[in-house]
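Here the structure is a predicted model, which is why all the values come from computation and not from measurement.
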Amino acid sequence: MPFEIPGTRRLLGSGGYNAELLAHVVGPTGRWEDGEPGDITGLQEALHGPRHELTTGLVVRGTFNFETLQTYAATTLPGFCRLTAREGSALVAQQDAAALLAGGSLAYLTYRKVKDAPDPADRLTEFFIHAYGPAADELAQRFADCVRAWDQEVRESGYPPMTVHPAGTPDEQLPAGDVLDKPAARLVFQWPGRVPDETQSLLMTGGQRA
């Protein structure tokens, strides 16, 4: 059922893309894919309050692909969504940012250049968390911890083993891992550092315990 809050409008994804969009008239847009939109109560007020900034400590060199970071956050952080702002927005510094929404507060992943250079391979970029709302400190810390865990456990390993199970499969019948529910299936990701090493080794080799 469509829903509205003051200052927002509900939009639908095009081309059959199942997405919920909450487009703030003077603010950002949050997108929840294949699921119920998060609770945005109090978010408008929070976005007009002070911004909390927290460095993740992650500095990368050159052109860097962090696709697995976004997937890791989406499957391990409750309240994950995508965030987009109008061009020139003073609230959100980039387009299509990975974000976290909870408790009337919002945190999103951004970055800033810490060293420029003529050669892109010599440029340095640092990842930051920007957050708003009464739970800004907590959300920023959760997001930063997620980024650090990804950097330590996942960054060099690529995508993890994943198993696909019919929609409606009970939790107790699923293997260890982080569950992502889709309309037709339940996906289980076995990220390094989040499942027992023995379990991941078996999954990666396709082996079974005797």
Side-chain angles (χ1 to χ4, degrees), residues 8 22-24 26-33 35 37-117 120 122-158 160 178 180 189 191-194:
T8 72
L22 295 177
H24 292 257
V26 293
T29 296
R31 184 173 80 246
W32 292 264
E33 298 181 7
D39 182 4
I40 60 172
T41 303
L43 187 55
Q44 287 255 20
E45 181 180 351
L47 288 170
H48 289 86
R51 183 174 75 189
H52 177 76
E53 297 187 6
L54 179 66
T55 180
T56 66
L58 174 59
V59 178
V60 297
R61 179 180 296 275
T63 303
F64 181 72
N65 186 336
F66 57 99
E67 180 180 339
T68 56
L69 170 56
Q70 299 178 69
T71 306
Y72 183 76
T75 54
T76 62
L77 284 177
F80 179 87
C81 63
R82 307 290 306 191
L83 190 68
T84 300
R86 294 177 178 178
E87 187 175 353
S89 169
L91 295 176
V92 179
Q94 69 183 86
Q95 297 295 313
D96 203 27
L100 183 60
L101 177 67
S105 303
L106 175 75
Y108 71 92
L109 180 66
T110 187
Y111 56 87
R112 68 183 180 189
K113 193 176 296 181
V114 295
K115 177 186 176 183
D116 202 357
D122 294 328
R123 297 170 185 168
L124 296 178
T125 302
E126 183 176 13
F127 284 88
F128 269 77
I129 307 297
H130 288 175
Y132 297 89
D137 289 0
E138 178 187 353
L139 290 192
Q141 189 62 59
R142 283 174 54 195
F143 217 145
D145 288 344
C146 174
V147 173
R148 294 173 190 135
W150 170 84
D151 182 42
Q152 296 170 9
E153 302 283 354
V154 179
R155 179 178 172 182
E156 301 299 331
S157 61
D178 293 289
L180 179 63
F189 292 79
W191 293 105
R194 294 183 64 86

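- Thr76 is linked by a side-chain hydrogen bond (donor to acceptor under 3.5 Å, both in side chains) to nothing, counting only residues two or more places apart in sequence or in another chain.
- Glu67 pairs by the side-chain hydrogen bond (donor to acceptor under 3.5 Å, both in side chains) definition with Tyr159, not counting sequence neighbours.
- Rounded to the nearest 0.5 angstrom, Leu180 CG and Thr71 OG1 are separated by 9.5 Å.
- Rounding to the nearest 0.5 angstrom, the gap separating the CG atom in Leu58 from the CG atom in Leu109 is 9.0 Å.
- Separating the NE2 atom in His130 from the OH atom in Tyr111 is a distance of 12.0 Å, to the nearest 0.5 Å.
- Applying the salt bridge (charged side-chain N to carboxylate O under 4.0 Å, His left out) definition to pairs two or more places apart or across chains, none involves residues 124-142.
- In this structure, Ala73 and Phe143 approach most closely via the heavy-atom pair CB-CE2, 4.2 Å.
- Summarising the geometry, atom OG1 belonging to Thr125 is positioned 11.5 Å from atom NZ belonging to Lys115; distances are rounded to the nearest 0.5 Å.
- For the pair Ala46 and Gly133, the tightest heavy-atom approach, listed with the atom from each and the gap, is CB-CA, 3.5 Å.
- The minimum heavy-atom distance linking Ala97 with Tyr108 is given by the pair CB-CD1, 4.0 Å.
- In this structure Thr56 satisfies the side-chain hydrogen bond (donor to acceptor under 3.5 Å, both in side chains) test with no other residue, sequence neighbours excluded.
- When all heavy atoms of Phe189 and Pro160 are compared, the closest pair comes out as CD2-CG, 4.1 Å.
- With sequence neighbours left out, the side-chain contact (heavy atoms from CB on, under 4.5 Å) criterion links Ala140 to His52, Leu54, Ile129, Ala131.
- In this structure, the side chains of Leu139 and Leu106 stay at 4.5 Å or more apart for every pair of heavy atoms.
- You'll find the side chain of Arg194 stays beyond 4.5 Å of the side chain of Thr75, heavy atoms only.
- Applying the ring-ring contact (aromatic ring centres under 6.0 Å, His included) criterion to Phe127, with sequence neighbours excluded, gives Phe66.
- Listed by chain and residue number, Arg82 satisfy the side-chain hydrogen bond (donor to acceptor under 3.5 Å, both in side chains) test with Gln70 (two or more places apart in sequence, or in another chain).
- The minimum heavy-atom distance linking Gly104 with Pro134 is given by the pair O-CD, 3.8 Å.
- Applying the salt bridge (charged side-chain N to carboxylate O under 4.0 Å, His left out) rule to Glu53 yields the partners Arg51; only residues at least two apart in sequence or on another chain are considered.
- Every side-chain contact (heavy atoms from CB on, under 4.5 Å) that Asp145 has, sequence neighbours left out, goes to Gln141, Arg148.
- Closest approach of Trp191 and Gly158 over heavy atoms only: CZ3-O, 4.3 Å.
- Taking Ala117 as the reference, Asp122, Arg123 meet the side-chain contact (heavy atoms from CB on, under 4.5 Å) condition, with sequence neighbours excluded.
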